[in-house]
Amino acid sequence: MTVVLRRLSFVVAVAATVAVAALCGGCRRETPLRVLYWNIQNGMWDDQGNNYDNFVEWVKRYDPDVCVWCEAQTIYEDGTNKACAKEQRYLPDNWGELAERYGHSYWVKSGHRDNYPQVITSKYPIEKVLDIVGEEPDSVVTHGACHARIECGGREVNIVTLHTWPQAYAYRAVDREASKAEHGGDRYRRMEMEYICGHTILAAPETERGYWMMMGDFNSRSPKDNWFYKYPEGDTRLMVHDYILHNTPYVDIIGDRFAGEFHTTTYGKARIDYVYCTPDLYGGISDAYVVEDDYTRDPVRDEATRFHRPSDHLPILVDFVIR
């Protein structure tokens with residue numbers, strides 16, 4: 001009931017705004033845009049043996065206009081941690097079929113080098129601008145990233161997806177323990193973030209930076225939450241978001257809207273998933289929150305596989321009004 005009321009109030013508010021805009025000839029029509037992000041853990045491993053029925057019904061409950069899914073590839077056989085043969089993997093090749101079941105006719109897959117692509121699905125046509133996989137030998141973007149674009153409300157909206165390196169040691173570190181001691185993983189994620197931003201929003205002229213969002217599993221902590229973590233000043237775990245906050249126009253949506261509150265995005269106490277957007281988009285947000293409901297709340301670890309049901313991450317939903 002809470003979900004229905006949230007959506008209804010959002011639609012009513014936007015409809016009222018549109019009606020007012022229609023009365024003044026010079027006003028731009030305003031369009032709602034609901035964006036849902038989630039790391040769905042190994043291609044929604046939990047529900048693949050159920051033909052994704054629970055997953056589809058859950059997405060339909062929120063009725064998003066755009067979805068961004070991290071870990072969007074089938075990797076393991078149903079209910080096991082045994083690798084699934086590539087020719088038997090339903091995802092990512094069949095995301096079009098799966099997305100149609102919850103009302104999305106368009107989809108794109110990010111560039112990636114391994115089993116962990118991101119996928120965008122949408123009610124709006126999607127233009128892929130750039131696949132981002134980095135460069136050999138020392139600028140590899142391990143799980144890849146993507147810059148895509150939709151048109152909504154007469155505006156071009158840029159969407160950047162990503163999933164950074166997850167380990168405490170650097171990618172391809174020869175001596176992993178030594179790399180951990182040197183905070184190699186944190187430094188590698190920082191490099192990935194600089195590369196991704198440098199090839200997306202920072203590569204665009206300032207006049208074209210109005211409508212951008214960037215989201216994914218960043219595998220890193222934010223200075224905005226350090227009142228909770230209490231890491232020492234200059235801690236490398238804060239490097240990625242320190243770079244974003246000081247070198248790009250992006251705003252941390254959850255971090256800014258809930259300043260002084262801690263909202264985990266994992267089964268533990270870590271906010272490592274983020275949705276960023278530029279100020280022009282941030283000013284049009286009517287609602288945003290980490291989704292904790294009867295489906296996503298309190299993920300349960302499967303003892304046989306050590307995977308979580310339905311995922312080891314929580315989703316984030318953001319309602320924008322495109323002006």
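Model, not experiment: these values are computed from the prediction.
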*Looking at Y76 versus W45, is the centre-to-centre ring distance below 6.0 Å?*
no

*In terms of hydrophobic clusters joined by side-chain contacts under 4.5 Å, are V119 and L162 together?*
no

*For atom NZ of K128, decide whether the heavy atoms of other residues, nucleotides or ligands shown that lie under 6.0 angstrom number more than 12.*
yes

*Classify the ring geometry between Y52 and F55 as parallel (under 30°), tilted (30 to 60°) or perpendicular (over 60°).*
perpendicular

*Distance-only polar pair, side chains of Y169 and H183, donor-acceptor under 3.5 Å*: no

*Taking side chain as C-beta onward, heavy atoms only, is M213 less than 4.5 Å from V35?*
yes

*Does any non-hydrogen side-chain atom of R34 lie less than 4.5 Å from one of F320?*
no

*Side chains of Q118 and T161: do they bring a donor and an acceptor to under 3.5 Å?*
yes

_Pair N54, Y295: side-chain N/O donor-acceptor within cut-off below 3.5 Å_ = no

*Validation row: D46, F307 side chains within 4.5 angstrom (heavy atoms)*: no

*Between N115 and R89, do the side chains contain an N or O donor and an N or O acceptor separated by less than 3.5 Å?*
yes

*Do I316 and M214 share a hydrophobic cluster (ILVMFWY, side-chain heavy atoms under 4.5 Å, transitive)?*
no

*For Y211 and R155, test the side chains for any donor-to-acceptor distance below 3.5 angstrom and give the result as yes or no.*
yes

*Ring geometry between Y102 and H104 (parallel below 30°, tilted from 30 to 60°, perpendicular above 60°)*: perpendicular

_Listing request: all ring pair (Phe, Tyr, Trp, His ring centres under 6.0 Å) pairs with a residue in residues 128-158, at least two apart in sequence or in separate chains._
Y116-H143, H143-H163, H147-W212

_If only side-chain N and O atoms count, and only distance matters, is there a donor-acceptor pair under 3.5 Å linking D47 with N50?_
yes

_Exercise: do D225 and S222 side chains pair donor with acceptor under 3.5 Å_ = no

_Test item: H308 and V300 side chains (from C-beta on) under 4.5 Å apart, heavy atoms_ = no

*Taking atom CZ of R101 as the centre, report whether more than 12 heavy atoms of other residues, nucleotides or ligands fall under 6.0 Å from it.*
yes

*Between T305 and N81, do the side chains contain an N or O donor and an N or O acceptor separated by less than 3.5 Å?*
no

*Using the ring of each side chain (for Trp, its six-membered ring), is W69 parallel, tilted or perpendicular to W58, with breaks at 30° and 60°?*
tilted

_Side chains of Q48 and T74: any donor to acceptor distance under 3.5 Å?_
no

_Can you list, by chain and residue number, the hydrophobic cluster partners of L238 when the side-chain cut-off is 4.5 Å?_
W227, F228, Y229, Y231, F262

*Check whether more than 12 heavy atoms from other residues, nucleotides or ligands sit under 6.0 Å from atom CD of E136, and answer yes or no.*
yes

_Can you confirm whether Y62 sits close enough to D293 that some side-chain heavy atom of one is under 4.5 Å from a side-chain heavy atom of the other?_
yes

*Give the intermediate values and the outcome of side-chain contact (heavy atoms from CB on, under 4.5 Å) for residues D63 and K123.*
CA-CA 10 Å; D63 189 24; K123 294 179 180 179; 2.7 Å; yes

*Is the number of heavy atoms from other residues, nucleotides or ligands under 6.0 Å of E206 CD greater than 12?*
no

